[in-house]
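Chain naming here is simple, since letters A, B, ... match the order of the sequence lines and numbering starts at 1 in each. On a predicted model such as this, the values are computed, not experimentally measured, just so you know.
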There are 2 protein chains.
Amino acid sequence: MARSLGRLFKGFQSLASFPAMRAQLSHPSVCVSFKTMVALPSPFSSKPRDFSLPNPSWGSEMLRLYEYYNSQCEVETEGGEKQGGPWRRLPSYNRSLKYATGGVYLSKIIQSKARLFTRNIRDPGAAFEYVLFYNKDEQRCVGIFQAGHLLEGPPGHVHGGAIATMIDTVTGSHASLLSGPVMTANLNINYRSPIPLGSTVLTESSMETKDGRKTFISCKVTSTDGSKLHTEATALFLSINVSHLLLGG
Amino acid sequence: MARSLGRLFKGFQSLASFPAMRAQLSHPSVCVSFKTMVALPSPFSSKPRDFSLPNPSWGSEMLRLYEYYNSQCEVETEGGEKQGGPWRRLPSYNRSLKYATGGVYLSKIIQSKARLFTRNIRDPGAAFEYVLFYNKDEQRCVGIFQAGHLLEGPPGHVHGGAIATMIDTVTGSHASLLSGPVMTANLNINYRSPIPLGSTVLTESSMETKDGRKTFISCKVTSTDGSKLHTEATALFLSINVSHLLLGG
């Protein structure tokens, strides 16, 4: 048992340098200062698709906000050199472990067909379109979210569970950036105003406190100009050892 | 304005007798005492598919629990007559308004492509497989939920947002049965133990209190034998006029 655990841990340690695993656990990753570009999967590419890059389904508001934050991922110094800016784009993949080495032990646990819930539909624009940016100095995370037609709850509006999913995604990514691997322990969500299907909204999270294994994050979902509050939430995350998950904690 | 609202209301009143709208707003609907049967969409049928009926993706535990509750939807009296039992199965569709009459005004608001978030994937077993049963005398609702491989969050486990979605579905349906059309106002969710992908769990809700427009429901997600508590939640729903939604409340 101890030996097999050791092999599992070895596998996981080696995963930490792979982008898909970083995305899943939301470890920091390098901000790439792309200009807006179309990112669709290529049948000849073995690289995973980064779903956080613009695609043709993105509306003008989604693109405008992407450009706004992305342009602040890299800044030019007085000497004309480029350096990291205050924001960092977080890449996003649809698999946890597909691109990992050492997966021989993990493949017994993770089904090969498994896909991240928020990236499980290939049709661009149909469900969750989102990109996350992180500002370390301000301890803030921003998610730009365009809600597709497959997320319906009340007629013509986004399902409360889809809103909860986006809140869990933004706050969970934020907590992982602050505290390493975490699991959601509590989500307390107040729904103030329904979100029409097809609209783009901002999901902004702030760190409240850290206390031992606990990381507290607050979050609000607003219209893109901030004038309308759609949803407010608090979230609590617990730091975990990855073995906790593998052993069914 | 008043006139167009009147026309909208007329449209909605006429919707109330259509199964898809009943499912969306979770109005009471007749329990059908089917024996286990396969229900897949027919290309020649104009009737909506009822997703709450068994399909080939359902595992043995999902089927066993379905049979257990379904067998209590109809009971036989001493005289050999059949009558409604303590439980009622709630049918489930993937559209709010597709099968409604009077949709001429609504079609301007609801996109024709819109699908209910929990029923937006056609591949049986890939995402949410669930069926809800309601016990009016005990004021209880039970959701039997089989979590497909497209619901991944933490590696090998169900996404917190997918669990929130199922809790919103069960408690929201329950609140609608008690109070008519409602909107989710609050979900407070404590995640106790992660749910492995592929497993079947029980989501049971109970009415706590009703106070004016407010309906309070509590909920827990457990293993099918009840021995393991996965998630606990409380939910608050507010009774609404449908016009609230159409006017963007």
Side-chain angles (χ1 to χ4, degrees), chain A residues 21 24-25 94-97 106 109-118 120-121 126-127 148-169 172 181 183-194 196-198 233 236 240 242 244-246 248-249, chain B residues 21 24-25 94-97 106 109-118 120-121 126-127 148-169 172 181 183-194 196-198 233 236 240 242 244-246 248-249:
Chain A
M21 192 64 188
Q24 177 61 35
L25 296 179
N94 68 357
R95 290 301 315 274
S96 312
L97 301 166
L106 302 168
I109 300 163
I110 314 292
Q111 292 181 40
S112 64
K113 295 185 295 179
R115 293 292 179 276
L116 186 66
F117 180 44
T118 55
N120 67 9
I121 289 177
H149 54 268
L150 296 186
L151 304 185
E152 192 174 43
H157 293 79
V158 182
H159 197 289
I163 298 169
T165 299
M166 198 42 50
I167 288 170
D168 190 31
T169 297
M183 289 282 284
T184 315
N186 174 264
L187 286 180
N188 191 349
I189 305 171
N190 288 306
Y191 296 90
R192 304 294 187 195
S193 172
L197 277 188
L236 165 61
I240 57 159
V242 176
H244 180 80
L245 262 184
L246 295 173
Chain B
M21 192 64 188
Q24 179 60 36
L25 296 179
N94 68 354
R95 291 301 315 276
S96 311
L97 301 167
L106 302 167
I109 301 164
I110 314 292
Q111 291 181 41
S112 64
K113 296 186 294 180
R115 294 291 180 277
L116 186 68
F117 180 44
T118 54
N120 66 9
I121 290 176
H149 54 269
L150 296 186
L151 304 185
E152 192 175 43
H157 293 78
V158 182
H159 196 289
I163 298 169
T165 299
M166 198 42 51
I167 287 170
D168 191 30
T169 297
M183 289 281 284
T184 315
N186 175 264
L187 285 180
N188 192 349
I189 304 172
N190 288 307
Y191 296 90
R192 304 292 187 197
S193 173
L197 277 187
L236 164 61
I240 57 159
V242 176
H244 180 79
L245 262 183
L246 294 173

Under 4.5 Å from any heavy atom of chain A - which part of I121(B):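 For I121(B), side-chain heavy atoms alone lie under 4.5 Å from chain A.
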When rounded to the nearest 0.5 angstrom, what distance separates [atom1] in [X] from [atom2] in [Y]?
X	Y	atom1	atom2	answer
E152(A)	R115(B)	CD	CZ	9.0 Å
F117(A)	L197(B)	CZ	CG	11.5 Å
I189(A)	T184(B)	CD1	OG1	9.5 Å
N188(B)	N190(A)	CG	CG	8.5 Å
T118(B)	L151(A)	OG1	CG	11.0 Å

Contact leader toward chain B among T165(A), N120(A), L150(A), where contacts are heavy-atom pairs under 4.5 Å: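 Most heavy-atom pairs under 4.5 Å with chain B: L150(A).
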message: Less than 4.5 Å apart, side chain to side chain, heavy atoms only: is that true for L187(A) and Y191(B)?
response: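 Yes - at least one pair of side-chain heavy atoms lies under 4.5 Å apart.
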- line: H149(A) and K113(B) have their tightest heavy-atom pair at CD2-O, 3.3 Å
message: Looking at chain A, which one of A126(B), A162(B), G148(B) has the largest number of heavy-atom pairs inside 4.5 Å, strictly under?
response: A162(B)
query: Is chain B contacted by the side chain of I167(A), its backbone, both, or neither, given a heavy-atom distance below 4.5 Å?
result: neither
